[in-house]
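Below is one structure, written out as structure tokens, with a few remarks after it.
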Amino acid sequence: MSPDTGTPPRRTVLVVEDEPLINQAVADRLRAERYDVVQAWDGPGAVAAHAEHSPDVVVLDVMLPGYDGLEVCRRIQTERPVPVLMLTARADEADVLVGLGVGADDYLTKPFRMRELVARVGALLRRVERAAELHELAGPQRPQPVELNGLRVDAAARRVWADGDEVRLTPTEFDLLVCLAAEPGTVVTRERLLAEVWGWPGGSGTRTVDSHVKGLRAKVGSDRIRTAHGVGYALETGADR
Ligand code: CA
């Protein structure tokens, strides 16, 4: 343990990738950004490294020897919730993964720019910290649950119910729903969702939004989220039901 010097605590990133050059390049770049980095090269090694080091975020390749990134994601998420950035070989692979509900929070398609990877890791960490702060609010500052069209969304407790049954959402799906629920019936653009949920201004990566909305729809009911084609999404108020 280093002495407390008033600087923010260093975060630990677990990098899982069987391609040695990519693994090392990602690790080197994250170390240069002042992260502590733990490296693993296969499925079993990733699960063991996660248990030993309790990383703050995991960068996880999908195709791995031993067992694949999906299985790694499932195993580590049952131990403790940790944000996962999945590295996929093709853009459409991300859609499939979201559909499977493996619990990854974000996806990056190879080849990717290191700068983009660093930004995504930073955004994931900020989201986790923001959620923790909200969770600690008490009294009048604590946001009240929202009830809408058979949905109950408790942003502070990070829990959601559809027609009385609790629904388990990934952190990303939950943040999307909270963002849409803030303005029911109003179309929120994909660019704005990207900026508010992922912390990504600039609007590149709207496909990521579509993938996660698909996952959210599958869990809360597809008729609850309306698509404004080419623009964005709105949470139905149920007024015209
Ligand atoms: Ca691989």
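In what follows, residues are counted from 1 in the order of the sequence shown. Ligands are counted one by one from 1 in listed order, and the atoms in each one are counted from 1 as well.
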What protein N, O or S atoms come within a distance below 3.0 Å of the Ca ion (ligand 1), ordered by chain and number?
Asp18 OD1, Asp61 OD2, Met63 O
Under the side chain to side chain donor-acceptor pair (under 3.5 Å) test, residues paired with Asp175 that sit two or more places apart:
Arg127, Arg158
Looking at Arg11 and Glu129, does any basic side-chain N land under 4.0 Å from a carboxylate oxygen?
yes
To the nearest 0.5 Å, what is the distance between CG (Asn23) and CG (Asp61)?
9.5 Å
Between the main-chain N or O of Val37 and the side-chain N or O of Arg31, is there a donor-acceptor pair closer than 3.5 Å?
yes
Does Lys219 use its side chain to pair, donor to acceptor, with the backbone of Arg168 at less than 3.5 Å?
yes
Looking only at the side chains, is there a donor atom on one of Gln24 and Asp28 sitting less than 3.5 Å from an acceptor on the other?
yes
